[in-house]
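Since the structure comes first, as structure tokens, the remarks are kept for the end.
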Amino acid sequence: MIPHVKLQLGKEEEERVIEVLRSGMLAAGSYVQEFEDEFKRYHDSQYGIATSSGTTALHVILEAMGIGTGDKVITTPFSFIATANAILYTGATPIFADIDPVTYNLSPAALAKAVKDHPEAKAVIVVHLFGLPADMDAISEIANKNNLIVLEDCAQAHGAMYHGQKVGTLGKASAFSFYPSKNITSGEGGMVLTDDPTIAEKVRILVNQGQRRRYYHEMVGYNYRMTNIHAAIGLEQLKKLALYNQKRIANAKFYDDHIVNPCIQKPVSPPDRKHVYHQYTLKVKNRDALTAHLDANGIGYGIHYPLIIPAQPAYKNLATCSGTWPVAEDLADCCISIPVHPALSLSELTTIVEVMNHYR
Ligand SMILES: *Cc1c(COP(=O)(O)O)cnc(C)c1O
């Protein structure tokens with residue numbers, strides 16, 4: 001069996017975790033700050049605030065921006081549910097703009113239309129889906145013209161670049177996730193990056209129960225803190241991010257070069273971007289036949305995502321979820337992700353290519 005996702009954790013992570021356990025500093029601790037410092041330095045960003053997850057990072061960013069009940073936030077219908085859930089947590093309403101058929105990211109044309117239909121929208125959350133940066137120039141231009149704050153969901157794109165600049169530094173603030181399936185992990189965990197001192201300060205207070213000084217609560221905050229144990233893992237993983245991404249990119253190139261099958265459409269990586277292949281997601285003609293074929297051959301896969309967000313049972317009764325998003329809906333019906341994780345061997349890659357090329 002070749003698994004779809006395989007974690008790579010070594011002695012380095014083990015030793016750091018044991019150190020934390022022996023120190024007794026399980027919750028707050030020096031590794032949290034060290035992880036924040038290293039992560040922001042890697043991005044050449046001014047502020048980094050660790051959180052308990054990518055979801056909570058998104059939530060506090062929106063709250064720190066002052067987004068709440070009655071506000072509208074535009075985003076993609078084709079993402080993990082957390083992107084849109086974070087908008088709902090604040091009391092705001094998500095507006096979904098369709099995706100681009102080539103990159104699967106938010107379509108600038110659809111964004112322009114959404115802004116026209118909802119001129120009062122306050123922000124747009126861009127998702128760099130599967131590790132491919134979104135079309136930031138076009139999106140930022142529309143946003144600037146319409147007073148829309150650009151926020152980035154970088155949960156799938158650690159180290160990805162747009163025009164030579166790392167994602168997470170292309171908007172007002174950005175959220176990362178360190179869930180085990182992501183390009184690097186801390187177990188559970190997240191991070192907020194921003195260059196804005198006011199947002200950074202508010203985020204830091206919000207994740208820590210609304211307090212700047214212990215037991216004095218300026219606002220109703222949350223316990224969204226990262227633990228020292230998780231930070232210890234994240235710190236070691238961050239050192240390996242460049243190597244992991246290099247391997248993911250090489251694996252993707254192997255597929256690009258060797259999967260030749262008229263029933264399969266491979267993902268695209270525009271030359272002005274560095275795609276870090278959180279997923280290698282294909283469009284296929286008969287997905288049920290392919291999944292049966294992969295099951296029979298012991299190859300793991302994932303469906304990202306089988307149902308667009310506005311069609312989810314939890315969403316479909318919202319007033320803004322009654323439209324259609326034909327490009328996203330089409331992708332949901334025919335997408336499949338094959339293993340691209342850094343632990344794949346050449347013989348596993350060769351097997352996967354053979355199996356993919358034999359499917360009709
Ligand atoms: C994983 C993910 C999140 C949420 O991150 P968690 O750490 O699991 O809360 C948000 N957005 C996207 C696009 C994701 O892939």
Side-chain angles (χ1 to χ4, degrees), residues 4-5 7 32 35 39 48-63 73-90 94 96-97 99 103-106 123-134 139 150-160 167-168 170-171 173-193 203 206-207 222-227 229-231 233-234 237-238 248 275-281 302-310 312 314-315 328 331-332 335 337 340-341:
H4 177 233
V5 176
L7 271 179
V32 179
F35 188 31
F39 200 77
I49 301 104
T51 60
S52 53
S53 72
T55 308
T56 57
L58 284 167
H59 182 195
V60 287
I61 286 173
L62 291 168
E63 247 193 68
V73 178
I74 303 170
T75 194
T76 165
F78 200 82
S79 178
F80 180 56
I81 194 76
T83 313
N85 277 355
I87 300 169
L88 287 176
Y89 296 160
T90 67
F96 297 101
I99 57 170
T103 65
Y104 310 155
N105 281 319
L106 186 66
V124 55
I125 305 180
V126 177
V127 181
H128 306 299
L129 196 73
F130 304 145
L132 176 65
I139 290 169
V150 178
L151 305 172
E152 296 177 83
D153 180 340
C154 304
Q156 305 188 354
H158 318 64
V167 304
L170 305 166
S174 59
F176 287 81
S177 164
F178 307 112
Y179 185 75
S181 63
K182 313 292 186 182
N183 291 41
I184 52 168
T185 186
S186 64
E188 294 272 10
M191 188 82 73
V192 173
L193 291 183
V203 163
L206 279 169
V207 302
Y222 307 92
N223 176 358
Y224 284 174
R225 296 178 304 256
M226 179 180 279
T227 75
I229 306 170
H230 294 95
I233 301 169
Q237 286 269 300
L238 181 57
R248 285 177 181 274
H275 193 326
V276 294
Y277 294 97
H278 169 62
Q279 298 294 349
Y280 189 88
T281 303
I303 309 291
H304 307 102
Y305 296 91
L307 193 59
I308 66 167
I309 297 175
Q312 294 286 347
Y315 276 72
L331 182 59
C335 61
S337 312
V340 72
H341 59 77

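Not measured: the values here are computed from a predicted model. Values below: every heavy atom of this structure, side chains too, minus hydrogens, waters and symmetry copies. Every number for a ligand or one of its atoms is a count from 1 in the order of the listing.
Between Ala82 and ligand 1, a contact under 3.5 Å exists for no N or O pair. Checked by distance only, ligand 1 and Ser177 come closer than 3.5 Å through their nitrogen or oxygen atoms. Considering backbone and side-chain N/O of Gln156, one or more are found under 3.5 Å from N/O of ligand 1.
No side-chain N or O of Ser79 forms a donor-acceptor pair with one of Thr76 less than 3.5 Å apart. Using a 3.5 Å distance cut-off with no hydrogens or angles, the side chains of Glu188 and His230 do not pair a donor with an acceptor. Looking only at atom types and distance, the side chain of Thr83 has no donor-acceptor partner in the side chain of Thr75 under 3.5 Å away. With hydrogens and angles left out, the side-chain atoms of Tyr222 and Glu63 include a donor and acceptor closer than 3.5 Å.
For Tyr280, the side-chain hydrogen bond (donor to acceptor under 3.5 Å, both in side chains) partners at least two apart in sequence or on another chain are Asp256.
Counting the atoms of ligand 1 from 1 in the order shown, those under 4.0 Å from a heavy atom of Gly54 are 5 (O), 6 (P), 7 (O), 9 (O). Using a 4.0 Å cut-off to heavy atoms of Val127, the atoms of ligand 1 that qualify are 13 (C). Below 4.0 Å from some heavy atom of Thr83 lie the following atoms of ligand 1, by number and element: 11 (N), 13 (C). Here is the list of ligand 1 atoms found below 4.0 Å of a heavy atom in Ser79: 13 (C). Using a 4.0 Å cut-off to heavy atoms of Ala155, the atoms of ligand 1 that qualify are 2 (C), 3 (C), 10 (C), 11 (N), 12 (C), 14 (C), 15 (O).
Here the protein heavy atom with the shortest distance to atom 1 (C) of ligand 1 is Lys182 NZ, 1.7 Å. Of the protein's heavy atoms, Asp153 OD2, 2.7 Å lies nearest to atom 11 (N) of ligand 1. Atom 9 (O) of ligand 1 has its closest protein heavy atom at Thr55 OG1, 2.5 Å.
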**Report entry** ring-ring contact (aromatic ring centres under 6.0 Å, His included) assessment of Phe130 paired with His278
**Finding:** CA-CA 5 Å; Phe130 304 145; His278 169 62; 7.6 Å; no
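Here the side chain of Asn105 pairs no donor or acceptor atom with the backbone of Ile99 at under 3.5 angstrom.
Heavy atoms of Gly190 stay at 4.0 angstrom or farther from ligand 1.
Contact annotation: for Ser53 versus ligand 1, heavy atoms closer than 4.0 Å belong to both the backbone and the side chain.
Ring geometry for His158 against Phe39 counts as perpendicular: the plane angle is over 60°, on a 0 to 90° scale with 30° as the lower cut.
Interatomic distance, Ser174 OG to Met191 CE, rounded to the nearest 0.5 Å: 10.0 Å.
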